[in-house]
Number of protein chains: 2
Amino acid sequence: MDPDIASLAAMIADPSRAKMLTALLGGRALTATELALEADITAQTASNHLAKLLEKELLVVRKQGRHKYFQLAGEHIARLLESLMVLSHNITSIKTGPNDPSLKMSRVCYDHMAGEVAVALYDALLKQGFILDNIDHCTLSPAGERFFISLGADLTTITTKSRPICRPCLDWSERRSHLAGTLGQWILNDALQKGWAERDLVTRAIHFSPRGKRAFFNCYAIL
Amino acid sequence: MDPDIASLAAMIADPSRAKMLTALLGGRALTATELALEADITAQTASNHLAKLLEKELLVVRKQGRHKYFQLAGEHIARLLESLMVLSHNITSIKTGPNDPSLKMSRVCYDHMAGEVAVALYDALLKQGFILDNIDHCTLSPAGERFFISLGADLTTITTKSRPICRPCLDWSERRSHLAGTLGQWILNDALQKGWAERDLVTRAIHFSPRGKRAFFNCYAIL
DNA sequence: CCGATGCTTCGATGAGCAACGAAGTATATT
DNA sequence: AATATACTTCGTTGCTCATCGAAGCATCGG
């Protein structure tokens with residue numbers, strides 16, 4: 001009858017599983033032992049948890065040799081986790097946003113950027129008319145298509161039907177939407193490839209180099 | 001450090017609490033005993049659960065004589081619950097949306113309408129230029145203000161700063177956004193007051209009378 | 001007042017489940 | 001082949017927490 005929200009919530013309600021899931025919010029595929037370390041538990045219990053998360057389809061797994069690489073099952077799971085963060089943060093503490101200033105400025109959210117920079121980027125793209133937003137998704141304008149082609153993007157991989165360009169992925173710290181979806185993914189990868197920024201190896205932070213930040217802001221006309 | 005999403009999710013992870021919360025998605029304030037009945041538990045255990053839900057600020061309570069009326073703490077909680085429904089439904093079963101056809105057509109989501117009719121209403125308002133949508137909220141256009149004043153709405157109570165006119169409240173069955181917020185609330189109340197529709201006493205369904213439906217569709221130019 | 005109703009507190013029970021040690025399977029490395 | 005690494009399965013332990021009976025407040029109706 002009613003959908004079983006309790007058993008879905010139960011997957012996130014366990015502290016160890018919650019730690020694993022937030023670790024996977026970084027977007028990287030992690031092995032079972034890495035996740036066990038992240039959650040401070042032994043490999044056995046981690047295996048148990050991961051089996052449950054797979055069964056409930058919160059995660060997907062790729063087997064490579066003797067390793068198993070786990071990932072969030074998709075953007076929808078990432079969105080759910082971030083929205084839980086927004087709420088639990090509003091509820092438990094007064095001050096908004098992450099404590100770490102570098103996380104506040106820019107961090108990875110599944111496969112795209114979040115934080116102050118991401119929100120500013122979104123505004124800039126909107127202002128230049130490169131993206132057009134509807135209520136729950138947004139599309140590339142013709143001008144936007146030309147712009148991203150000029151940056152070297154392959155539009156056939158970006159404008160897919162199965163996944164929108166942009167989704168309202170509510171920003172945990174900023175409480176505003178930022179650019180998710182295939183375009184958000186491309187922009188993050190592009191900035192990393194060009195060496196403008198680097199991903200922190202332990203946290204979800206994205207560190208821009210001084211010149212990388214200038215180049216990034218210049219490229220997208222961010223004020 | 002990281003927000004405590006586990007304890008928030010734990011509130012929803014218990015089947016009894018989940019039943020109470022979904023019952024409160026109907027928007028009505030319910031008493032402790034009514035919620036106990038809804039969850040099939042005794043008054044004692046219900047009291048225990050409700051205390052926890054209050055402490056975690058998922059609910060608010062209004063005391064009236066010897067009764068206590070519980071409500072969801074706000075629209076943000078309703079949104080979270082609906083999004084959990086969307087996901088758990090996608091996951092556990094193949095077919096989308098509620099089984100009950102009347103629920104699928106129109107139902108209450110906290111304090112506004114959801115379902116096919118609500119999605120069609122949203123499209124109609126957008127098409128006529130009465131509402132303008134941004135990515136995570138939307139506003140009334142001047143033409144929209146005139147339109148709703150002509151319907152007898154008091155704009156001072158609708159255009160409040162603390163709560164947006166419309167929020168992307170993802171529709172469980174339609175998987176599209178519908179009109180939430182103060183305007184959505186007003187439209188539902190107005191339709192009920194005018195006798196166009198009635199709320200089901202047990203489920204969340206909204207039943208339109210034949211002429212009420214004609215009047216409603218005519219009023220908002222829904223196709 | 002006194003009984004009835006609505007809700008809460010306390011204590012006991014019991015079930016579910018996270019956790020780990022130990023042992024087993026699979027893959028890699030030498 | 002031999003050993004190390006990655007993950008799983010099994011059985012046990014122990015803790016958390018939902019549940020309810022019993023008893024206790026508070027409020028309403030007469």
Side-chain angles (χ1 to χ4, degrees), chain A residues 2 4-24 28-73 88 92, chain B residues 2 4-24 28-73 88 92:
Chain A
D2 259 1
D4 183 15
I5 63 172
S7 64
L8 172 57
M11 288 300 107
I12 313 173
D14 178 76
S16 303
R17 282 196 293 263
K19 278 183 204 161
M20 297 197 218
L21 288 169
T22 48
L24 288 169
R28 279 197 192 82
L30 300 175
T31 65
T33 34
E34 287 172 323
L35 288 167
L37 279 175
E38 199 74 41
D40 266 313
I41 48 177
T42 61
Q44 306 95 292
T45 45
S47 177
N48 187 20
H49 285 310
L50 291 169
K52 286 178 185 169
L53 290 170
L54 281 177
E55 195 215 323
K56 292 277 175 187
E57 300 185 38
L58 284 131
L59 300 183
V60 290
V61 69
R62 215 167 7 131
K63 211 176 162 181
Q64 233 168 69
R66 57 180 167 178
H67 296 274
K68 277 196 171 180
Y69 286 93
F70 293 89
Q71 270 181 296
L72 295 186
S88 68
T92 54
Chain B
D2 259 0
D4 182 15
I5 64 172
S7 65
L8 173 57
M11 288 299 108
I12 313 174
D14 178 77
S16 303
R17 282 196 292 263
K19 278 183 204 163
M20 298 197 222
L21 289 169
T22 48
L24 287 169
R28 280 198 191 82
L30 299 175
T31 66
T33 35
E34 286 174 323
L35 288 167
L37 278 175
E38 200 73 42
D40 266 312
I41 49 177
T42 60
Q44 305 95 292
T45 44
S47 177
N48 187 19
H49 286 310
L50 291 169
K52 285 178 184 168
L53 290 171
L54 282 177
E55 195 214 324
K56 291 280 176 187
E57 300 185 37
L58 285 132
L59 299 184
V60 289
V61 68
R62 213 165 12 127
K63 211 176 163 183
Q64 233 166 68
R66 55 181 168 180
H67 295 274
K68 277 197 171 181
Y69 286 93
F70 292 88
Q71 269 180 296
L72 296 185
S88 67
T92 53

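The chains referred to below are lettered A, B, ... by the order of the sequence lines, with proteins before strands, and numbering in each begins at 1. Owing to the predicted nature of the structure, the values given are computational and were not obtained by experimental measurement.
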Legend entry - Reading 5' to 3' through nucleotides 6-17 of chain D, protein heavy-atom contacts under 4.0 Å coded B for base, S for sugar-phosphate only, - for none: SSBB--------
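Using a 4.0 Å cutoff to heavy atoms of chain B, the contacted part of DNA chain C runs 5' to 3' from C/dA4 to C/dT9.
Counted by atom type alone, A/Thr31 and A/Lys68 present zero donor-acceptor pairs between their side chains at under 3.5 Å.
Phosphate proximity of D/dC20 to B/Thr45: present, with a side-chain N or O under 4.0 Å from OP1 or OP2.
Shortest non-hydrogen contact noted between A/Lys56 and A/Ser7 is NZ-OG, 3.2 Å. Residues B/Leu35 and B/Leu30 come closest through the heavy atom pair CD2-CD1, 3.8 Å. Scanning all heavy atoms of the two residues, the minimum distance from A/Ala29 to A/Gln71 falls at CB-CG, 3.5 Å. The heavy-atom pair separating A/Ala6 from B/Ala18 by the smallest distance is CB-CB, 3.9 Å.
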Legend entry - Derivation and outcome, side chain to side chain contact (heavy atoms under 4.5 Å, CB included), residues B/Val60 and B/Leu72: CA-CA 6 Å; B/Val60 289; B/Leu72 296 185; over 6 Å; no
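Pairs passing the side chain to side chain donor-acceptor pair (under 3.5 Å) check and including a residue from residues 41-52 of chain B, sequence neighbours excluded, read B/Arg17-B/His49, B/Thr42-B/Gln44, B/Thr42-B/Thr45.
Note that OG of B/Ser16 and CG of B/Leu21 are 11.0 Å apart. Values are rounded to the nearest 0.5 Å.
Mapping A/Asp40 and A/Lys63 onto DNA chain C by nearest heavy atom places A/Asp40 closer to the 5' end of the strand. Between A/Gly65 and A/Ala10, the one whose closest nucleotide on DNA chain C sits nearer the 5' end is A/Ala10.
One can place CD of A/Gln64 at 16 Å from C1' of D/dT5, the figure rounded to the nearest angstrom.
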